Amino acid sequence: MPHVVTSACVDHKYQECVAVCPVEAFREADTYLVIDPDECIDCGVCEPECPADAILQDSELTGSELDKWMNINKKYSNIWPNITEVGEVPADAEEWDGVPDKYENHFSEKPGQE
Ligand code: F3S
């Protein structure tokens, strides 16, 4: 079972996770990343690297929260391009520290650069 990226990533997109992923499992939107569950080998190296604590192992979630983040990561893995190199972090990333419900209020489907 894979790791998933959750709401805390939205508008941060620090990409420390991309730098350590051994299987290039991340997919990129303009302001958010997801993990392709078919690529993730569940090694866990990305989880402690994220400054926003946005990455969780699926076993840390239950019920509707588990379904929600599994579905989001799976859905957008099939839509957004692969990201294998760390790019620019959004200029206003630190301004989003501690903002709740970023996925619900600030999420964009706009894909990242291929
Ligand atoms: Fe997002 Fe954290 Fe990676 S903010 S881009 S999951 S390092």
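Being a predicted model, the structure only gives us computed values, none of them experimental. Basis for what follows: all heavy atoms, side chains included, without hydrogens, waters or symmetry-related copies. Note that ligands are numbered from 1 as they come in the structure, with each ligand's atoms numbered from 1 the same way. FYI, the numbering just counts along the sequence from 1.
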Regarding C50, does it place an N, O or S atom less than 2.8 Å from atom 1 (Fe) of ligand 1?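 Checking atom 1 (Fe) of ligand 1 against C50, no N, O or S atom falls under 2.8 Å.
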Going by atom types only, do E28 and N82 share a side-chain donor-acceptor pair under 3.5 Å?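 Distance-only check fails for E28 and N82.
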Do we see a donor-acceptor contact under 3.5 Å between the side chains of N73 and W69?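 Per modelled atom types, N73 and W69 side chains form no pair under 3.5 Å.
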Taking only heavy atoms of I55, which atoms of ligand 1 are found under 4.0 Å from at least one of them?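 Near I55, the atoms of ligand 1 are 6 (S).
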Please identify which atoms of ligand 1 are closer than 4.0 Å to at least one heavy atom of L33.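 Numbered from 1, ligand 1 contributes 5 (S).
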Given I35, which partner from the list C21, C17, C40 fulfils the side-chain contact (heavy atoms from CB on, under 4.5 Å) test?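 Option passing the side-chain contact (heavy atoms from CB on, under 4.5 Å) with I35: C40.
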Could you find the nearest protein heavy atom to [atom] and give me its residue, atom name and distance?
atom	result
atom 5 (S) of ligand 1	Q15 N, 3.2 Å
atom 3 (Fe) of ligand 1	C17 SG, 2.3 Å
atom 4 (S) of ligand 1	Y14 N, 3.6 Å

Specify whether Y32 and Y103 have parallel, tilted or perpendicular ring planes, treating 30° as the upper limit for parallel and 60° as the lower limit for perpendicular.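 Tilted, since the angle between the ring planes falls between 30° and 60°.
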Can you tell me how far the CD atom of E109 sits from the OH atom of Y76, to the nearest 0.5 Å?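 Here the rounded value is 3.5 Å.
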Any chain of hydrophobic side-chain contacts (each under 4.5 Å) joining I79 to V4?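 Same cluster.
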Checking contacts here: is it the side chain or the backbone of V18 that comes within 4.0 Å of ligand 1, counting heavy atoms only? Could be both or neither.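 No part of V18 is near ligand 1 at this cut-off.
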With a cut-off of 2.8 Å, does any N, O or S atom of C9 fall short of it relative to atom 3 (Fe) of ligand 1?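 Given the 2.8 Å cut-off, C9 does not count as a ligand of atom 3 (Fe) of ligand 1.
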